[in-house]
Amino acid sequence: MSDVKLDDIVSLAKRRGFIYPGSEIYGGLAGTYDYGPLGVTLKRNITNLWWKMFVQDREDMFGVDSTIIMNPSVWRASGHVDTFNDPLIEDIKTKKRYRLDHLLEDQGIEGVDAMTLEQMAALVKEKDIKSPDGNELGAPAQFNMMFKTHVGPVENDESVAYLRPETAQGMFTNFKNVVDSFYPDIPFGLAQIGRSFRNEISPGNFIFRLRELEIMELEYFIYPGEWEDIFEKWLAAQHEWFRLLGLDEHIKEHEVPKADRAHYSKRTVDCFFEFPSLGFQEVAGLAYRTDFDLKSHQEKSGKNLEYRPKDGGEAFIPHVVEPTFGLDRNVMAVLCNAFTVDEINGEKRIFLKLPAHLAPVKVAVLPLAKNKPELVAKAREIYAMLKQELGAVMWVDTGNIGKNYRKMDEIGVPYCVTVDFDTLEGDTKDSVTVRNRDTTQQQRISIGDLKNVLSHDA
RNA sequence: GCGAGUGUGGUAUAGCGGCUAUUACUCCAGUUUUCCAAACUGGCUACAGGGGUUCGACUCCCCUCACUCGCACCA
């Protein structure tokens, strides 16, 4: 793993149809990547697994799918309009950039949060504030990480709306709706998988930091007194998730220290995966958000978001434990983890050791020789049968058999089914060769048993 | 956004102010081939985009876009 470079994986992902740079024929667009035929299936296998584990298989979960464009008040209540707006200023000499508000606070100036950019700029002049290196500072600039658009035909300040930078708020805004519809017992949760948009200052590292990304997220509403136990349960659930992805042995949990946490969070644990070339990077996080979000929405919206327990207990604003998974980062981790190099007959082999339940193609069917019509016909027959049974089955009849095996290895197909002359007649009539991707071992299996054997793993 | 660097077929690469732009693999078609990238024949595909200098630019200059590293950011 150590000598594998991220570039090798990026190349394979593009060459074989997993992930392409966005808008490529026009020179691309920074921070965007498109999923190709195999990538979209891999991604969908992951989201389906997630939805099954966290929503379908549980009694206490409710799925939602909220809009990307929301009432801008949502983002004022959540704090994003403020916190996504960073005033930056540049040291003219060293060209380093600093948070202007932090510089002012370091000078003991108070009330910085309430100041406009102009007011802060004026203070820099007035107090002759220098950079930490003692140099002159340039003009400050505002960095807003939220994408803006306009709702309706008129483009003015009143019509400004934002593309959501996270999916969480769509769940908080639907909290009341779901309670009204189902009145679930607490604890219960809302779940959502969806796109988010962040105008990153420096996107990059393949699909690690994107401007348009997908998040799989849960908001789990609880009694405040129970948060510690529930937090532990979700830590275990997160671990179980990474076990299902085959990543658990490469995941490191990181207890985020108080100073680095959002001010409303009492505990945050991030999950890191070790990527080639990048080292350990965050792929998921678990945060106890207290009642910060619902409370803020109750204040700003003027709507009562309290929950009244069915046993007649006192109404209260539920607290929230929030597990978040970066979908694209999970896909990338699965790809990186699967990327394997070994040797067959002294020849280097690159293959994707994808877990069978995630592999975009489960089985490939190939005739031993492509120009023998009777072989091809029999193979087509088996292909049709398996395709109906398993869905994700690929037909391969180009090149020679060894080449096709390698090609299927490279896209992570767990099993190849080869139809040869012994399938047509003789002692082993009606049996085929099943070749295992990881071991390259072959096994003779009768056609009748084929779908049982293959669907066992898939 | 700033600084530095890079940009040649799908991938990885060679090259030069001037011939039809090199090579390998991939891909496609055909011959061959009875189980691990065999061989042979043929074919498709590239100088990131735009402008300038020049008789002539892939090569030199400018702008744009993208990528890499560093700064900053990571809500």
Side-chain angles (χ1 to χ4, degrees), chain A residues 5-8 10-17 20-32 36 75 78-100 102 133 138 140-146 165-166 168 196 198-206 208-209 256 260-265 270 277 281-282 285 287 324 326 343-351 366-372 375 398-410 416-424 432-437 439-442 444:
Chain A
K5 301 227 166 43
L6 184 57
D7 283 345
D8 299 333
V10 175
S11 277
L12 184 142
K14 186 182 177 199
R15 196 158 36 87
R16 290 300 185 191
Y20 308 117
S23 315
E24 203 192 3
I25 62 170
Y26 288 102
L29 177 68
T32 64
W75 305 112
S78 69
H80 283 87
V81 171
D82 296 327
T83 58
F84 267 60
N85 252 313
D86 292 335
L88 295 185
I89 197 159
E90 192 178 273
D91 179 321
I92 289 179
K93 215 167 186 176
T94 65
K95 302 288 186 188
K96 286 188 186 176
R97 295 199 157 223
Y98 301 94
R99 286 273 298 266
L100 176 52
H102 291 175
D133 291 330
Q142 199 73 250
F143 271 69
N144 193 332
M145 303 245 304
M146 276 199 290
E166 61 169 38
S196 297
R198 299 173 185 186
N199 207 350
E200 293 286 351
I201 293 173
S202 58
N205 290 326
F206 194 38
F208 185 80
R209 183 166 284 116
V256 180
D260 296 341
R261 290 198 298 261
H263 62 278
Y264 50 77
S265 174
D270 289 336
S277 306
Q281 298 288 341
E282 187 181 348
T324 304
E343 237 177 57
I344 299 184
N345 306 331
E347 196 103 31
K348 184 174 147 191
R349 175 176 77 135
I350 289 172
F351 70 109
L366 31 154
L368 187 59
K370 64 179 167 180
N371 56 355
K372 297 282 189 262
L375 271 190
T398 55
N400 65 54
I401 191 73
K403 206 171 202 176
N404 288 334
Y405 283 155
R406 299 299 179 83
K407 206 191 292 185
M408 293 302 101
D409 287 344
E410 224 179 3
C416 287
V417 170
T418 304
V419 176
D420 57 26
F421 293 97
D422 293 339
T423 309
L424 301 177
V432 293
T433 302
V434 174
R435 182 260 194 185
N436 181 296
R437 174 196 66 198
T439 63
T440 75
Q441 296 297 308
Q442 316 202 63
R444 200 75 198 174

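So you know, we letter chains A, B, ... as the sequences are listed, proteins then strands, and number each from 1. Every heavy atom of this structure was used, including side-chain atoms; hydrogens, water molecules and symmetry mates were not.
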Look at all strands and tell whether A:R349 reaches a base, only sugar-phosphate, or nothing, counting heavy atoms closer than 4.0 Å.
-> nothing
OP1, OP2 of B:C35 versus side-chain N and O of A:N404: anything below 4.0 Å?
-> no
Note: for A:G27 and A:I401 on RNA chain B, the residue whose nearest nucleotide lies more 5' is A:I401
How far does the C1' atom of B:A38 sit from the matching atom of B:A48, given to the nearest Å?
-> 38 Å
Touch check for A:S11, heavy atoms < 4.0 angstrom, all strands: base, sugar-phosphate only, or nothing?
-> sugar-phosphate
Could you tell me whether A:G36 contacts a base, only the sugar-phosphate backbone, or nothing, with contacts defined as non-hydrogen atoms closer than 4.0 Å?
-> nothing
Establish whether the base of B:C35 is bridged to the side chain of A:R435 by a donor-acceptor pair shorter than 3.5 Å.
-> no
With both distances under 3.5 Å as the test, what is the Watson-Crick or G-U wobble partner of B:A37?
-> none
Base-pairing assignment for B:G17 (Watson-Crick or G-U wobble, both under 3.5 Å) = none
C1' atom, B:U8 versus B:C47: distance in rounded Å?
-> 4 Å
Complementary nucleotide of B:U11, counting Watson-Crick and G-U pairs under 3.5 Å | B:A24
B:C60 and B:G15, which share atom name P, separated by this distance in whole Å = 13 Å
Hey, does the side chain of A:S202 come within less than 4.0 Å of B:G1's phosphate (OP1/OP2), counting only N and O?
-> no
Both distances under 3.5 Å, Watson-Crick or G-U wobble: report the partner of B:U68, or none.
-> B:A4
Under a 4.0 Å N-O cut-off, is there an ion pair linking A:R406 with A:E347?
-> no
Separation between the P atoms of B:C58 and B:U32, rounded to whole Å = 44 Å
A:E347, nearest nucleotide to its side chain (from B:C74, B:A37, B:C36) | B:A37
So, does the side chain of A:N345 form a donor-acceptor pair with the base of B:C36 at under 3.5 Å?
-> no
Mind checking who B:U59 pairs with, Watson-Crick or G-U wobble, both distances under 3.5 Å?
-> none
Say you pick atom C1' in B:G49 and the same atom in B:A66; how far apart are they, in whole Å?
-> 11 Å
Decide yes or no, distance alone: a donor-acceptor N/O pair under 3.5 angstrom between the base of B:C35 and the side-chain of A:Y405.
-> yes
Taking N or O atoms only and anything under 3.5 Å, show me the protein contacts with nucleotides 24-31 of chain B, one pair per line.
from: B:C27; atom 1: OP1; to: A:K407; atom 2: NZ; distance (Å): 3.0

Go through A:D8 and A:S11 one step at a time and tell me if the side chain to side chain donor-acceptor pair (under 3.5 Å) criterion holds.
-> CA-CA 5 Å; A:D8 299 333; A:S11 277; 6.0 Å; no
C1' spacing across the pair B:A39 / B:U33, given as an integer number of angstrom | 9 Å
Pick the P atom in B:G70 and in B:C62, then give their distance to the nearest Å.
-> 26 Å
Applying the 3.5 Å cut-off to both distances, the Watson-Crick or G-U partner of B:C74 turns out to be none
Give one of base, sugar-phosphate or nothing for A:N205, where a contact means two heavy atoms less than 4.0 Å apart.
-> sugar-phosphate
Using the C1' atom in both, what is the distance from B:C44 to B:A29, to the nearest Å?
-> 11 Å
Walk me through it: do A:T324 and A:E166 pass the test side-chain contact (heavy atoms from CB on, under 4.5 Å)?
-> CA-CA 10 Å; A:T324 304; A:E166 61 169 38; over 6 Å; no
Using a heavy-atom cut-off of under 4.0 Å over every strand shown, decide if A:E282 touches base, sugar-phosphate, or nothing.
-> nothing
Return the value, rounded to whole Å, for the distance between atom NZ of A:K5 and atom P of B:C69.
-> 13 Å
Taking CD1 from A:I25 and C1' from B:A46, how many angstroms apart are they, rounded to a whole number?
-> 15 Å
